[in-house]
Amino acid sequence: QLKLEDYKDRLKKGEALNQDQLEAVEKYDEVVHNLEFAKELQKTFSGLSQDLLKAQKKAQRRESLLKLEAEKKKLRTILQVQYVLQNFIQEHVQKDFKGGVNGAIYLPSKELDYLIRFAKLTCPERNENL
């Protein structure tokens, strides 16, 4: 653009320009227009890339929150199952299930023994002093 402006000034001062320089001066307005258009495009692309980055960060945050919620749900389920299994270790609960009383269904001794063994394997004993 500076070179074209120099040609234009030289032409105004009456200097003789060669054919290529004259053609370049004739296309000065077109070149300036194209440069302005390119600048606008660059601004648009820059804005779009910023919007895209924001959307990606937002999606990543949302995905992280969903993963965290899924992990909490798994942990909650594990703790609930452990709580139920730990109850099978208690004598009075075992008696209720052996007899099918106090709202408990009847469980044969063999099945109840499986549950008790499973509970002992999967549920760590709690240290009440801690």
Side-chain angles (χ1 to χ4, degrees):
Q1 184 179 356
L2 292 175
K3 200 172 199 180
L4 288 176
E5 287 176 6
D6 180 52
Y7 291 160
K8 204 172 176 184
D9 289 342
R10 287 170 48 191
L11 189 60
K12 283 181 186 178
K13 292 177 184 176
E15 283 186 41
L17 300 175
N18 67 33
Q19 187 61 34
D20 289 342
Q21 291 170 333
L22 287 172
E23 287 176 12
V25 169
E26 288 176 10
K27 295 183 180 186
Y28 177 81
D29 291 335
E30 183 180 338
V31 169
V32 169
H33 173 72
N34 286 341
L35 284 172
E36 289 174 8
F37 180 70
K39 287 178 185 177
E40 288 299 318
L41 272 179
Q42 190 272 336
K43 286 179 187 176
T44 302
F45 287 141
S46 178
L48 288 173
S49 67
Q50 291 298 321
D51 291 346
L52 180 62
L53 285 174
K54 287 178 187 175
Q56 285 175 334
K57 287 179 182 178
K58 191 174 182 179
Q60 286 173 340
R61 269 188 255 121
R62 191 177 314 123
E63 186 177 322
S64 295
L65 286 174
L66 289 175
K67 283 182 181 179
L68 182 61
E69 286 303 315
E71 289 297 319
K72 285 181 181 178
K73 187 175 181 180
K74 284 180 191 176
L75 182 58
R76 209 174 303 128
T77 302
I78 289 169
L79 291 174
Q80 288 171 344
V81 169
Q82 279 186 335
Y83 175 76
V84 170
L85 287 173
Q86 284 174 342
N87 284 322
F88 279 107
I89 296 172
Q90 298 176 22
E91 291 290 327
H92 71 278
V93 174
Q94 292 174 22
K95 287 180 186 175
D96 290 346
F97 279 96
K98 283 180 184 176
V101 295
N102 294 326
I105 61 168
Y106 167 75
L107 284 178
S109 292
K110 190 175 185 178
E111 289 181 21
L112 190 58
D113 287 341
Y114 288 145
L115 283 172
I116 294 167
R117 276 195 250 152
F118 184 67
K120 287 179 180 178
L121 288 172
T122 58
C123 300
E125 290 186 27
R126 291 185 183 189
N127 185 342
E128 300 298 329
N129 295 329
L130 295 177

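- To the nearest 0.5 Å, the span separating NE2 on His33 from CG on Asp29 amounts to 10.5 Å.
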Under the criterion salt bridge (Lys or Arg N to Asp or Glu O under 4.0 Å), I'd like the reasoning laid out for Glu30 against Lys27: C-alpha separation, chi angles, the key distance, then a yes or no.
CA-CA 5 Å; Glu30 183 180 338; Lys27 295 183 180 186; 5.7 Å; no

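- Of the inter-residue distances, the one linking Glu111 atom CD with Ile105 atom CD1 reads 8.5 Å to the nearest 0.5 angstrom.
- Taking all atoms of both residues into account, the shortest heavy-atom contact from Val93 to Asn87 is CB-O, 3.1 Å.
- Of all the heavy atoms in Ile116 and Phe88, the pair that sits closest is CG1-O, 3.6 Å.
- In this structure, CD on Glu63 lies 12.5 Å from CG on Leu68, to the nearest 0.5 angstrom.
- His92 places none of its side-chain heavy atoms less than 4.5 Å from the side chain of Lys95.
- Under the 4.5 Å side-chain heavy-atom criterion for Ile, Leu, Val, Met, Phe, Trp and Tyr, Val84 and Val81 are members of the same hydrophobic cluster.
- The line from CZ of Arg117 to CD1 of Ile89 is 13.0 Å long, rounded to the nearest 0.5 Å.
- Taking CZ from Arg62 and NZ from Lys67, the interatomic distance works out to 14.0 Å, rounded to the nearest 0.5 Å.
- Residues Lys39 and Glu36 are not paired through a salt bridge, judged by the lack of any N-O separation under 4.0 Å between the basic side chain and the carboxylate.
- Under the 4.5 Å side-chain criterion, counting only non-hydrogen atoms from C-beta, Gln82 is in contact with Leu79.
- For the atom pair CG of Leu41 and CG of Leu48, the computed distance is 10.5 Å after rounding to the nearest 0.5 Å.
- Leu107 and Tyr114 fall into different hydrophobic clusters, defined by Ile, Leu, Val, Met, Phe, Trp and Tyr side-chain heavy atoms under 4.5 Å apart, directly or through other members.
- Ionic pairing of Lys72 and Glu69 is present here: one or more N-O contacts between side-chain nitrogen and carboxylate oxygen are shorter than 4.0 angstrom.
- Taking every heavy atom of both residues into account, Leu112 and Gln94 meet most closely at CD2-O, 3.6 Å.
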